[in-house]
Amino acid sequence: MRRILWPVLSAASAVVLLAQLPVPHATAWECVRDAAVLLLCERGLLRYGARPDLQFGPLSIVIALPFTALGGAGSWVAMVGFSAVGIGVVWLLVDSVRRLRPRLDEESSARVVLFAGMLFVVVWGDVAVRTAHIDDAITIAATAATVAAIARGRPGWAVAGLAVAGAAKPWGLIFAPLAAVLPGPRRWFRVLVVFAVAGLTWLPFVIAEPATLDASNFEIANELSSALRALGVSAAATPAWVRPAQLIGGTALAAALVWHGRWTSVVMAGVAFRLLIDPAANRYYTVGLVFGMLLFELVRRPDRLP
């Protein structure tokens, strides 16, 4: 099964891509294109003040520029490219698990890996194809690279991966405490480095337009099916406390898990906390949660189907 594992997952990724083309796809691409156009215009650094609804991190827009430069073909290239990135995320996950559990028999675990990979590829289609939310895709891929860096014992690369995740999408900063997993005299200082480096990508925008900071308060509808509604919050739009609570609470939860040596549950718990008080109920949110759950399950019980 080991020999067919990656061809099968690649074929599954292609099927997911093709199956979603007849229905609405790349639904967020217009926002990505608008953000790229605004960044390149004469007053590009003011874009967050002018369009607070564009919740992409600066790095995501820079990465989107080559795709948007292709015009109408840009979304197609992005969907194909980020579908391939999904396979890369699975490879990083599997490689990390095998390094963290070196006694694991690769042949006997191939069935588990195939099941986990197929599950992830299917939900990844919501980010890469159905919505083309490349910012979330970049954040999850960077987080997977961070996990791989931790498994390989490379703290510097872990810091870099987390900084990329936070620069691509603000909620990626929830995972910043992962920088403190590997031992060292200044391991918690690495967490501050992650916040500083990710923050530097926003600094030019804040200097050019202080109202950029107000973009974090952009209100979206509190959907009837959201977890926030289930908790009894009936406000029609996002309460002002939600975004700060997601970042502060999620980061604190992640730090507590790292402190107690349970770092493999950080992604799962961090995304779950975010979704617990989020006013939206978008399907593509599931991708980060599935990645976190697979990481936790495959490391904890590598011989059992997740």
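Remember, predicted model here, so these are calculated numbers, not experimental data. Residue numbers start at 1 and run along the sequence shown.
Nearest heavy-atom pair, Y285 versus A280, reported as atom, atom and distance to 0.1 Å: OH-CB, 3.6 Å. Shown here for A168 and I138, the closest heavy-atom pair between the two residues is CB-CG2, 3.6 Å. Nearest heavy-atom pair, L65 versus A36, reported as atom, atom and distance to 0.1 Å: CD2-CB, 3.7 Å. Scanning all heavy atoms of the two residues, the minimum distance from V194 to A176 falls at CG1-CB, 3.9 Å. Here the closest heavy-atom approach between residue V23 and residue H25 is recorded as O-ND1, 2.9 Å.
By the salt bridge (Lys or Arg N to Asp or Glu O under 4.0 Å) test, R154 pairs with no residue at all, sequence neighbours left out. By the ring pair (Phe, Tyr, Trp, His ring centres under 6.0 Å) test, W29 pairs with no residue at all, sequence neighbours left out. Judged as a ring pair (Phe, Tyr, Trp, His ring centres under 6.0 Å), and not counting sequence neighbours, the contacts of F82 are F67. Contacts of F296 classified as ring pair (Phe, Tyr, Trp, His ring centres under 6.0 Å), with partners at least two apart in sequence or in another chain: none.
Judged by distance alone, with hydrogens and angles left aside, the side-chain atoms of T238 form a donor-acceptor pair with the main-chain N or O of I220 at under 3.5 Å. No donor-acceptor distance shorter than 3.5 angstrom exists from the side chain of S60 to the backbone of F56, with no hydrogens or angles considered. Put simply, the side chain of R33 never gets that close to the backbone of A28: no donor and acceptor are under 3.5 Å apart. Put simply, the side chain of R101 never gets that close to the backbone of P302: no donor and acceptor are under 3.5 Å apart. Of the possible polar contacts, none joining the H260 side chain to the V258 backbone as a donor-acceptor pair under 3.5 Å is found. Side chain of T139 to main chain of A165: a donor-acceptor pair is present (N/O by atom type, distance under 3.5 Å, no hydrogens or angles). Under the 3.5 Å distance criterion, the side-chain polar atoms of N222 are matched with a main-chain donor or acceptor of V233. S109 contributes no side-chain N or O that, together with a main-chain N or O of V112, makes up a donor-acceptor pair within less than 3.5 Å.
Here the CZ atom belonging to F273 is positioned 10.0 Å from the CG atom belonging to L247, to the nearest 0.5 angstrom. Between the OG1 atom of T143 and the CG atom of L178 there is a distance of 8.0 Å, given to the nearest 0.5 Å. Note that CG of D278 is 4.5 Å distant from CD of Q246, once rounded to the nearest 0.5 Å. Considering OG1 of T27 and OH of Y284, their distance stands at 8.5 Å, rounded to 0.5 Å. Note that CG of L298 is 10.5 Å distant from CZ of F115, once rounded to the nearest 0.5 Å. Interatomic distance, E223 CD to R229 CZ, rounded to the nearest 0.5 Å: 9.5 Å.
One hydrophobic cluster holds both V287 and V121 under the rule that ILVMFWY side chains link at heavy-atom gaps under 4.5 Å. The cluster map of Ile, Leu, Val, Met, Phe, Trp and Tyr, joined by side-chain heavy atoms under 4.5 Å apart, puts V32 and L70 in the same cluster. Cluster annotation: V85 and M79 are assigned to distinct hydrophobic clusters (Ile/Leu/Val/Met/Phe/Trp/Tyr, side-chain heavy-atom contacts under 4.5 Å, transitive). Cluster membership check: W259 shares its hydrophobic cluster with M268, using side-chain heavy-atom separations under 4.5 Å among Ile, Leu, Val, Met, Phe, Trp and Tyr.
Among residue pairs with one or both ends in residues 120-129, those qualifying as side-chain hydrogen bond (donor to acceptor under 3.5 Å, both in side chains) are D126-R130, D126-R283; sequence neighbours excluded. Listed by first then second residue, pairs satisfying ring pair (Phe, Tyr, Trp, His ring centres under 6.0 Å) with a partner in residues 134-160 number zero, not counting sequence neighbours.
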